[in-house]
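First the structure, in the form of structure tokens, and then the observations on it.
Numbered from 1 within each chain, the chains take letters A, B, ... in sequence-line order.
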Amino acid sequence: ILNVEQSPQSLHVQEGDSTNFTCSFPSSNFYALHWYRWETAKSPEALFVMTLNGDEKKKGRISATLNTKEGYSYLYIKGSQPEDSATYLCASLDSNYQLIWGAGTKLIIKP
Amino acid sequence: DAMVIQNPRYQVTQFGKPVTLSCSQTLNHNVMYWYQQKSSQAPKLLFHYYDKDFNNEADTPDNFQSRRPNTSFCFLDIRSPGLGDAAMYLCATSGPGHRHGYTFGSGTRLTVV
């Protein structure tokens with residue numbers, strides 16, 4: 001994989017349900033994996049920066065895992081709430097400090 | 001609060017009329033970035049500054065220029081905007097070590113008429 005790919009492109013989830021989506025990234029020259037949440041009319045906000053294989057980070061109801069050997073990260077949201085509606089972007093930072101962005105997963109929470 | 005501020009939030013410009021977007025930061029971060037983001041696409045890095053060192057991406061059109069007069073401010077100049085330059089322009093900063101995420105401004109939505 002040479003690019004960062006996120007799937008699905010968009011996702012509709014019922015309020016209260018849990019969900020997850022994927023970020024695939026180049027495993028060679030890996031340095032760090034960033035996750036951002038971008039709500040409409042606001043700045044993208046950094047959620048996690050992950051560097052170690054097997055790492056798992058948590059922030060409230062949101063958590064992320066990292067597999068650097070196979071080049072993927074999952075973002076999980078437990079008990080989705082309307083305020084979770086946003087575009088979730090991941091970006092892979094390589095050893096040359098080049099940040100490669102995915103196109104994002106647009107999450108819409110249905111009340 | 002320390003932050004990254006972009007002005008204006010929305011900018012409408014005429015085809016071919018030069019336009020300048022601005023970004024300021026109170027974080028004292030040494031790296032500043034300009035991204036272009038079009039709908040449903042990944043943000044595209046245009047250029048970045050490491051302190052005063054300017055780094056242009058190879059595929060950034062000559063139509064796009066940048067200035068960083070001091071640590072706090074960075075400007076994006078579009079010399080002759082075309083319809084294809086309509087996009088969201090995001091400014092971001094990062095501190096040393098790359099262990100923390102970037103801090104973004106809220107972006108400038110550029111419309112070319």
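Contact of A:Trp38 with chain B is made through the side chain alone, with heavy-atom distances under 4.5 Å. The contact between A:Gln9 and chain B is made entirely by side chain atoms (from C-beta outward), counting heavy-atom distances below 4.5 Å. Looking at A:Ala91, neither its backbone nor its side chain comes within 4.5 Å of chain B, counting heavy atoms on both sides.
Residue B:Met32 is not grouped with residue B:Tyr89 when hydrophobic side chains (ILVMFWY) are merged at heavy-atom distances under 4.5 angstrom, including chains of intermediate members. Hydrophobic clustering of Ile, Leu, Val, Met, Phe, Trp and Tyr side chains at less than 4.5 Å, counting indirect connections, unites B:Phe15 with B:Phe64. Grouping the Ile, Leu, Val, Met, Phe, Trp and Tyr side chains by contacts below 4.5 angstrom, directly or via other members, places A:Phe21 with A:Val13. The hydrophobic cluster containing A:Ile100 does not contain B:Phe47, counting ILVMFWY residues as joined when their side-chain heavy atoms lie under 4.5 angstrom apart, directly or transitively. A:Tyr88 and A:Tyr72 fall into different hydrophobic clusters, where Ile, Leu, Val, Met, Phe, Trp and Tyr are joined by side-chain heavy atoms under 4.5 Å apart, directly or via other members.
Within residues 101-108 of chain A, the residues having any heavy atom under 4.5 Å from a heavy atom of chain B are, by residue number, A:Trp101, A:Gly102, A:Ala103. The stretch residues 105-113 of chain B places B:Gly105, B:Ser106 near chain A, each with some heavy atom under 4.5 Å from a heavy atom of that chain.
Rounded to the nearest 0.5 Å, atoms CG (B:Leu45) and CD (A:Gln98) are 7.5 Å apart. Once rounded to the nearest 0.5 Å, the distance linking CD of B:Gln37 with CG of A:Leu89 reads 7.0 Å.
Contact annotation: the side chain of B:Val4 never approaches that of A:Ser43 to less than 4.5 Å [non-hydrogen atoms, C-beta and beyond]. Under the 4.5 Å side-chain criterion, counting only non-hydrogen atoms from C-beta, B:Phe104 is not in contact with A:Lys42.
For A:Tyr36 (side chain) and B:Tyr102 (main-chain N/O), a donor-acceptor pair under 3.5 Å exists by modelled atom type.
Residue pairs that meet the disulfide bond (SG atoms under 2.5 Å apart) test with at least one member in residues 27-111 of chain A, sequence neighbours left out, are A:Cys23-A:Cys90. For residues 9-23 of chain B, the set of pairs meeting the side-chain hydrogen bond (donor to acceptor under 3.5 Å, both in side chains) definition, not counting sequence neighbours, comprises B:Thr20-B:Asp77.
The shortest heavy-atom contact between B:Gly101 and A:Ala46 is CA-CB, 4.0 Å.
Annotation for B:Asp62: atom CG does not count as buried by contact number, only 12 or fewer foreign heavy atoms lying within 6.0 Å. Atom NZ of A:Lys78 has 12 or fewer heavy atoms from other residues, nucleotides or ligands within 6.0 Å.
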